[in-house]
S.K.: 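Quick one: the structure is below, and I'll ask about it shortly.
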Amino acid sequence: MAACKVCENPLVIEVDDEDGSDEVQLVPDDLETSCGCHFHWQCLLDQAAELAISLKCPSCDSGLASNEAGPSVTNPFLQSAPGAAILTRYTNEGGVQENYDILPAITEEAYLEANPEARPARAYHVMCSEGDVGGIVDLLRDAEQAGGDGEPTMNAAQLIRYQDPLADAKSGLHLAVEKGQEEVVWLLLWMASTLGTGAFPAPAVQAAEAMGIQRPSALASDDIRALTDNQGRTAEAVAAQMGGPWTTILESGALHPGS
């Protein structure tokens, strides 16, 4: 049986038994790259910083990219061509995945290793996409209470306006609009826009007040509605492209910067 090229251990991992017993099960965890080398998923992910730049196998130094595209000169974590991929064969508990592209995960991990302060920001974006209003509020409160340990951090104002360089520089408001998360949209406007309080629907105001969220007397940074992605689109422009459920909000001008 092949062993992991990094740790030299068998290509299995231990998982808890689903029946609740103290016994553990061994399940496959075999990521085979195009050069024929094998790795545990986490072992290869631990090589992300180097792999994202070199696009070469950390064991045999073979090129792994499916084309000649490589990292950009100005940002080593962003691929210069959207067609770049590192295709693998991944065998795990769920079966075999052929042509599994690991480059997005490798790129993300490399970026987060270089920018650890972005980890909560990425989590915040997931919450915006999934409509997790309570999670967003808790994360922002934690950000306000964090700091002082020497680690790089983002404050709440920075988190709420974070634009992801790995996702077209979209903000949480862009993502909430794209995913149809109206409650999140109103929450972000409540906390990070100059939209008049009277323009908010009663349920949004009641929800904010129930969570103890006060409107800032003055914005600590830009109005979140003014943020644009790499295509030059504000959240309002994204909503206009989608139409449908956003028609009423668009007509009210709530997403228009400066309204």
Side-chain angles (χ1 to χ4, degrees), residues 2-15 27-130 151-154 159 162-172 174-175 178 229-231:
C4 174
K5 288 292 187 179
V6 173
C7 69
E8 300 182 349
N9 290 322
L11 292 160
V12 294
I13 56 173
E14 294 182 352
V15 297
V27 298
D29 182 36
D30 181 359
L31 190 68
E32 180 181 2
T33 53
S34 58
C35 56
C37 292
H38 293 256
F39 303 88
H40 292 116
W41 168 253
Q42 187 60 52
C43 286
L44 189 63
L45 198 63
D46 289 343
Q47 313 300 312
E50 177 183 347
L51 180 53
I53 295 175
S54 70
L55 302 182
K56 293 182 179 181
C57 174
S59 176
C60 70
D61 209 35
S62 297
L64 297 179
S66 60
N67 59 27
E68 296 302 317
S72 71
V73 173
T74 56
N75 189 336
F77 304 109
L78 300 180
Q79 302 309 308
S80 59
I86 295 180
L87 302 180
T88 65
R89 184 176 191 267
Y90 186 37
T91 306
N92 62 5
E93 187 177 10
V96 179
Q97 300 178 64
E98 300 285 356
N99 297 319
Y100 176 52
D101 183 12
I102 63 169
L103 185 55
I106 292 295
T107 303
E108 177 180 7
E109 185 61 24
Y111 170 73
L112 292 175
E113 284 183 19
N115 302 274
E117 72 278 7
R119 289 189 183 274
R122 299 277 288 180
Y124 157 68
H125 273 197
V126 171
M127 294 173 187
C128 289
S129 297
E130 296 179 349
E151 294 294 324
T153 59
M154 291 186 187
L159 269 177
Y162 174 73
Q163 294 180 260
D164 191 347
L166 302 184
D168 209 23
K170 294 174 184 175
S171 69
H174 284 91
L175 295 173
E178 283 187 349
D229 63 15
N230 282 342
Q231 300 178 49

S.K.: How close do E98 and R89 get, heavy atom to heavy atom, and via which atoms?
M.R.: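 Heavy atoms of E98 and R89 come nearest at OE2-NE, 2.8 Å.
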
S.K.: Starting at OG of S129, measure out to CD of E178 and round the result to the nearest 0.5 Å.
M.R.: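 So the OG of S129 and the CD of E178 are separated by 7.5 Å.
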
S.K.: What pair of heavy atoms forms the shortest contact from A105 to L45, and how long is it?
M.R.: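 That closest heavy-atom pairing would be O-CD1, 3.9 Å.
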
S.K.: Can you tell me how far CG of D164 sits from CG of N230, rounded to the nearest 0.5 angstrom?
M.R.: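 Rounded to the nearest 0.5 Å, the CG-CG separation comes out at 10.0 Å.
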
S.K.: Quick one: CG on L103 to CG on L51, what's the gap to the nearest 0.5 Å?
M.R.: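 The CG atom of L51 is 7.5 Å from CG of L103, to the nearest 0.5 Å.
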
S.K.: Sequence neighbours excluded, which residues qualify as salt bridge (Lys or Arg N to Asp or Glu O under 4.0 Å) partners of D29?
M.R.: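 Testing D29 for salt bridge (Lys or Arg N to Asp or Glu O under 4.0 Å), a comparison that skips the adjacent residues, returns none.
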
S.K.: Could you tell me the separation between the CG atom of L55 and the OG1 atom of T107, rounded to the nearest 0.5 Å?
M.R.: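 The OG1 atom of T107 is 8.0 Å from CG of L55, to the nearest 0.5 Å.
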
S.K.: Which residues pass the side-chain contact (heavy atoms from CB on, under 4.5 Å) test with S62, not counting sequence neighbours?
M.R.: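 Counting only residues at least two positions away or on another chain, S62 forms a side-chain contact (heavy atoms from CB on, under 4.5 Å) with C35, C60.
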
S.K.: Report yes or no: does D168 contribute a side-chain atom to a donor-acceptor pair with the main-chain N or O of K170 at less than 3.5 Å?
M.R.: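 Looks like no, no N/O pair under 3.5 Å.
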
S.K.: Evaluate side chain to side chain contact (heavy atoms under 4.5 Å, CB included) for T91 paired with V96, printing each intermediate quantity in order.
M.R.: CA-CA 4 Å; T91 306; V96 179; 3.8 Å; yes

S.K.: If every non-hydrogen atom of S171 is compared with every non-hydrogen atom of H125, which pair is closest and at what distance?
M.R.: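 Answer, listing the atom of S171 first, then H125: C-NE2, 3.7 Å.
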
S.K.: Can you check side chain to side chain contact (heavy atoms under 4.5 Å, CB included) on I86 and I106, steps first, answer last?
M.R.: CA-CA 9 Å; I86 295 180; I106 292 295; 5.5 Å; no

S.K.: Would you find a donor on one side and an acceptor on the other, under 3.5 Å apart, between the side chain of T88 and the backbone of T33?
M.R.: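 No, the answer is negative, given that no donor and acceptor are paired below the 3.5 Å cut-off.
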
S.K.: Looking at every heavy atom in both L112 and R122, which two are closest together, and how far apart are they?
M.R.: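 In terms of heavy atoms, the two residues are closest at CD2-CG, 3.8 Å.
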
S.K.: So with a 6.0 Å cut-off around CD of Q42, is the heavy-atom count from everything else above 12?
M.R.: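 Yes, CD of Q42 has more than 12 neighbouring heavy atoms, counting only those of other groups under 6.0 Å.
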
S.K.: Go through it in stages, so that I can follow the logic: the residues are I102 and L64, the test is side chain to side chain contact (heavy atoms under 4.5 Å, CB included), and I'd like the CA-CA distance, side-chain angles, deciding distance and then a yes or no.
M.R.: CA-CA 10 Å; I102 63 169; L64 297 179; 5.9 Å; no

S.K.: Assess the residue pair V6 and L44 against the criterion (side chain to side chain contact (heavy atoms under 4.5 Å, CB included)); give the C-alpha distance rounded to whole Å, side-chain angles, the decisive distance to 0.1 Å, and a yes or no.
M.R.: CA-CA 8 Å; V6 173; L44 189 63; 5.9 Å; no

S.K.: Anything under 3.5 Å between a donor and an acceptor, one on a side chain of residues 7-14, the other on a protein residue two or more places apart or in another chain? List them.
M.R.:
none

S.K.: Under the side-chain contact (heavy atoms from CB on, under 4.5 Å) rule, collect the residues that match up with S59, sequence neighbours excluded.
M.R.: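 So S59 forms a side-chain contact (heavy atoms from CB on, under 4.5 Å) with K5, C37, F39, C57.
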
S.K.: What residues, two or more places apart in sequence or in another chain, satisfy salt bridge (Lys or Arg N to Asp or Glu O under 4.0 Å) together with E109?
M.R.: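 Here the qualifying residues are R119.
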
S.K.: Excluding sequence neighbours, so at least two apart, what forms side-chain contact (heavy atoms from CB on, under 4.5 Å) with N92?
M.R.: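 For N92, the residues satisfying side-chain contact (heavy atoms from CB on, under 4.5 Å) (neighbours in sequence not counted) are Y90, Q97.
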
S.K.: Which heavy-atom pair separates G36 from E32 by the least distance, and what is that distance?
M.R.: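 Taking G36 first and E32 second, the nearest heavy atoms are CA-OE2, 4.0 Å.
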
